[in-house]
Amino acid sequence: HNRLAAELALAHCASACTDVSGFGLLGHLLEMLGENGAARLELAQLPLLEGALEQLRRGVRSSMHPANVAAGARLALDAPVDENLLQIVFDPQTSGGLLIGVAADRAPGLLDALRGGGYPQAGVIGEVLAADPAAPGRVAIS
C-alpha cells in the first residue's frame with residue numbers, strides 16, 4: 001500500500017522517509033531527525049483512523065505504547081494539549097502511513113500527487129526546525 005507513496009516521495013526529492021510502525025510517529029520522527037535535529041508537530045493536522053482517539057480516551061493502549069512514551073522526554077509542549085490526542089504520537093502501528101521529509105517548497109506538489117494517487121489523508125503535519133544547541137533532539141508540539 002505504501003509503494004506508490006514512496007515512489008511519489010522519491011519523484012519529489014524527499015530527503016527522508018519511513019513507515020510509522022512499532023516506535024510510533026514520535027519515535028520514527030526522532031530517528032529521522034538524529035541526535036541534534038528539531039521539529040514541530042501540529043497535533044490537529046495528524047490524520048487519525050476512525051475510532052483511534054476514542055480508544056485512547058478509554059485508556060486502550062497497545063503493549064508497546066508504554067515503552068514508546070519514554071521518547072516523550074524529548075517533547076516540548078508549546079501550549080496545553082489534549083492529553084489523549086498527544087498519546088497518538090506514541091501509538092505503535094504495523095506498517096502505518098509514511099512519514100516523509102521534503103523541502104517546504106516541494107510539499108504542495110507532493111501533496112497533490114499523493115492525494116491524486118489515492119492517499120486522501122496525506123497532509124503536512126509539521127516542519128523541521130533549525131537545530132538548537134541548547135536543546136538538541138527536541139520536538140515541539142502545538
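Computed from a prediction, not measured in an experiment: that's the story for all the values here. FYI, the numbering just counts along the sequence from 1.
Between L30 atom CG and L75 atom CG the span is 7.5 Å, to the nearest 0.5 Å. Taken to the nearest 0.5 Å, the CE atom of M32 stands 4.5 Å off from the CG atom of L99. The OG atom of S142 sits 9.5 Å away from the CD atom of Q45 when rounded to the nearest 0.5 Å. Interatomic distance, L111 CG to R106 CZ, rounded to the nearest 0.5 Å: 14.0 Å. Rounded to the nearest 0.5 angstrom, L85 CG and L46 CG are separated by 6.5 Å. Atom CD of E31 sits about 11.5 Å away from atom CG of L26, to the nearest 0.5 Å.
Evaluation of the ring pair (Phe, Tyr, Trp, His ring centres under 6.0 Å) rule for H12 yields no partner, not counting sequence neighbours. Residues passing the side-chain contact (heavy atoms from CB on, under 4.5 Å) test with D112, sequence neighbours excluded: none.
Residue I88 is not grouped with residue L98 when hydrophobic side chains (ILVMFWY) are merged at heavy-atom distances under 4.5 angstrom, including chains of intermediate members. Placement of F90 and L29 within a single hydrophobic cluster is found when ILVMFWY residues are connected by side-chain heavy-atom separations under 4.5 Å, directly or transitively. V124 and L129 fall into different hydrophobic clusters, where Ile, Leu, Val, Met, Phe, Trp and Tyr residues are linked whenever their side-chain heavy atoms come under 4.5 Å apart, directly or through other members. A chain of hydrophobic side-chain contacts below 4.5 Å, direct or via other Ile, Leu, Val, Met, Phe, Trp or Tyr residues, connects L43 to V128. Cluster annotation: V89 and V81 are assigned to the same hydrophobic cluster (Ile/Leu/Val/Met/Phe/Trp/Tyr, side-chain heavy-atom contacts under 4.5 Å, transitive).
Side-chain contact check for L25 versus L41: some heavy-atom pair is nearer than 4.5 Å. Side chains of H65 and Q87 form a contact here, defined as non-hydrogen atoms less than 4.5 Å apart. When side chains are defined from C-beta on, V20 does not count as touching D91, because their heavy atoms never get closer than 4.5 Å. For the pair I141/D78, no side-chain contact is recorded, criterion being any heavy-atom separation below 4.5 Å from C-beta on. Under the 4.5 Å side-chain criterion, counting only non-hydrogen atoms from C-beta, L48 is not in contact with Q121.
Counting only residues at least two apart or on different chains, the salt bridge (charged side-chain N to carboxylate O under 4.0 Å, His left out) pairs with a member in residues 46-63 are R57-D82. Screening residues 16-49 for ring-ring contact (aromatic ring centres under 6.0 Å, His included) gives F23-H28 as the qualifying pairs, with residues at least two apart or on separate chains.
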Working note: L33 + V139, criterion side-chain contact (heavy atoms from CB on, under 4.5 Å); need CA distance, chi angles, decisive distance, verdict. CA-CA 9 Å; L33 291 171; V139 174; 3.9 Å; yes

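A donor-acceptor contact shorter than 3.5 Å links the side chain of N68 to the backbone of G22. Under a 3.5 Å cut-off, the side chain of R40 and the backbone N or O of G126 do not form any donor-acceptor pair.
Closest approach of I100 and A14 over heavy atoms only: CG2-CB, 3.7 Å. Across all non-hydrogen atoms, the minimal contact from S63 to P66 is O-CD, 3.5 Å.
Taking Ile, Leu, Val, Met, Phe, Trp and Tyr as hydrophobic and joining them when side-chain heavy atoms fall under 4.5 Å apart, one finds L10 isolated, its cluster having no other members.
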Let me check something: any side-chain donor-acceptor pairs from residues 113-120 under 3.5 Å, sequence neighbours excluded? List them with distances.
residue, atom, partner, partner atom, Å
R115, NE, A122, O, 3.1
R115, NH2, A122, O, 2.8
Y119, OH, H1, O, 2.7
Y119, OH, A5, N, 3.2

